[in-house]
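So the structure is just underneath, and the comments pick up after that.
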Protein chains: 2
Amino acid sequence: MNIEEIKNKLSQHGLKATIQRIQVYSAMLKTKSHPTAEDIYSMVKAEIPSISLSTIYNTLDSLIEKNLVSTVKTDSDVTRYDAFLDSHHHIYVGGGDEIIDYYSQELDDLLNDFFKKNSIPNFEIKEIKLQLKGDYVNNQKENN
Amino acid sequence: MNIEEIKNKLSQHGLKATIQRIQVYSAMLKTKSHPTAEDIYSMVKAEIPSISLSTIYNTLDSLIEKNLVSTVKTDSDVTRYDAFLDSHHHIYVGGGDEIIDYYSQELDDLLNDFFKKNSIPNFEIKEIKLQLKGDYVNNQKENN
DNA sequence: TATTAAATAGGAATAATTCCAAATTAAAAA
DNA sequence: TTTTTAATTTGGAATTATTCCTATTTAATA
């Protein structure tokens with residue numbers, strides 16, 4: 001998405017298209033790595049050196065409210081953000097902070113079917129998300 | 001689990017059976033509601049008025065390290081603790097802080113089968129956990 | 001171009017958690 | 001049982017992520 005498209009997307013969602021928001025959202029779209037607020041702060045600072053960390057938080061909050069960004073739960077206490085909202089699951093590597101996206105239409109179908117057959121009384125499911133925890137095996141990405 | 005059994009469990013896991021640990025673990029086993037550190041602090045204070053909040057955190061960390069307790073993150077980013085470690089999933093109600101346990105052997109079998117057939121290259125899955133987000137429907141537990 | 005409501009900056013405040021060092025204590029050894 | 005010792009507890013200080021506050025700035029609109 002280019003700057004112009006981002007501007008439009010912000011306006012469409014009733015958000016004033018400020019340079020700060022454009023750059024924050026642009027940074028979010030550039031990375032698949034579920035950045036923290038600080039990560040985004042660093043990235044956007046390259047473009048707008050005067051930007052404040054408060055603005056990062058404010059902007060992320062606005063984007064979340066408009067469903068353009070979501071948060072990812074980690075075991076540690078830093079919030080991570082995600083601008084990719086198509087249905088996917090998360091692989092948590094090594095109990096740590098590495099989170100990888102996992103896409104599978106087959107899995108989504110399986111889950112949707114299951115909960116269609118086994119609905120939860122008085123509860124409407126809006127999102128089904130899987131957390132896969134584990135570790136790399138072999139010597140692929142290992143480093144101890 | 002009574003005091004004696006808790007003592008044994010702690011020793012078996014190489015943890016000194018201090019009154020503090022016994023009471024913290026006992027409190028954890030008494031509640032299904034995924035308490036926060038502060039919640040446990042309040043509960044244990046009834047038994048040991050002099051206990052320190054640091055000890056609550058230390059103790060929970062020890063219990064986590066020995067796999068007697070695990071953590072759950074809420075949408076509002078507070079860490080909650082869980083002493084019930086049999087396979088279950090979590091229902092997040094209304095974007096808030098309420099988390100309900102969801103047990104289903106059928107679902108677990110389904111998921112295990114799926115990942116047996118669709119293993120992730122160089123990755124060993126240790127835990128498969130589902131997050132169900134949604135809201136109550138009807139007038140059951142609604143309050144707005 | 002002027003108006004205005006919304007957004008930003010940045011520093012202070014808050015809240016959860018971790019850190020630290022001295023005092024205490026459970027478990028092991030004598 | 002007593003002594004020894006290494007682990008644990010305390011409680012206050014420090015840290016960290018996030019929120020709050022408000023004067024200033026700015027995008028959108030008329």
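Any value given below was found using the heavy atoms of this structure, including those in side chains, with hydrogens, waters and symmetry copies removed.
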Could you tell me how the ring of H90(A) sits relative to the ring of H34(A): parallel (under 30°), tilted (30 to 60°) or perpendicular (over 60°)?
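H90(A) vs H34(A) ring planes: perpendicular.
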Whether H89(B) and Y102(B) hold their rings parallel, tilted or perpendicular, with breakpoints at 30° and 60°:
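Tilted.
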In whole angstrom, give the distance that lies between atom [atom1] of [X] and atom [atom2] of [N].
X: I56(A); N: dT19(D); atom1: CD1; atom2: C1'; result: 15 Å
X: R21(A); N: dT8(C); atom1: CZ; atom2: C1'; result: 10 Å
X: I51(B); N: dT8(D); atom1: CD1; atom2: P; result: 14 Å
X: K45(A); N: dT8(C); atom1: NZ; atom2: P; result: 16 Å
X: L10(B); N: dT25(C); atom1: CG; atom2: P; result: 18 Å
X: I22(B); N: dT8(D); atom1: CD1; atom2: C1'; result: 13 Å
X: L60(A); N: dT8(C); atom1: CG; atom2: C1'; result: 14 Å
X: L53(A); N: dG11(C); atom1: CG; atom2: P; result: 12 Å

Under 3.5 Å, side chain of E5(A) to main-chain N/O of N2(A), donor-acceptor pair present?
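The answer is yes, because a donor-acceptor pair under 3.5 Å joins these two groups.
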Distance from L15(B) atom CG to L63(B) atom CG, nearest 0.5 Å?
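Rounded to the nearest 0.5 Å, the CG-CG separation comes to 6.5 Å.
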Is NZ or CZ of K129(B) both nearer than 6.0 Å to the six-membered ring centre of Y92(A) and within 45° of the ring axis?
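No; the conditions do not both hold, so K129(B) does not lie above the ring face of Y92(A).
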Report the C-alpha distance between Y81(B) and D39(B) in whole Å, list the side-chain angles of each, state the deciding distance to 0.1 Å, and finish with yes or no for side chain to side chain donor-acceptor pair (under 3.5 Å).
CA-CA 10 Å; Y81(B) 300 85; D39(B) 292 338; over 6 Å; no
Side chain of D61(A), heavy atoms from C-beta onward: which of dT10(D), dT19(D), dT9(D) has the nearest atom to it?
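Nucleotide nearest to D61(A)'s side chain: dT19(D).
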Nucleotides 20-30 of chain D: protein proximity per nucleotide (B base, S sugar-phosphate only, - neither; heavy atom, under 4.0 Å)
B-----BBS--
Kindly say if Y57(A) contacts the phosphate of dT19(D), meaning a side-chain N or O under 4.0 Å from OP1 or OP2.
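Checking dT19(D) against Y57(A), no side-chain N or O comes under 4.0 Å of OP1 or OP2.
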Quick one: label T79(B) by what it contacts on the DNA or RNA (base, sugar-phosphate, nothing), any heavy atom closer than 4.0 Å.
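Sugar-phosphate, no base atom in range.
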Base, sugar-phosphate alone, or nothing: which one does S50(A) contact when heavy atoms must sit under 4.0 Å apart?
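Contact class for S50(A): sugar-phosphate only.
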Which atom pairs, donor and acceptor, lie under 3.5 Å between side-chain atoms of residues 111-121 of chain A and protein residues at least two apart or in another chain?
| residue | atom | partner | partner atom | Å |
| --- | --- | --- | --- | --- |
| N112(A) | ND2 | D108(A) | O | 3.1 |
| N118(A) | ND2 | F114(A) | O | 2.8 |

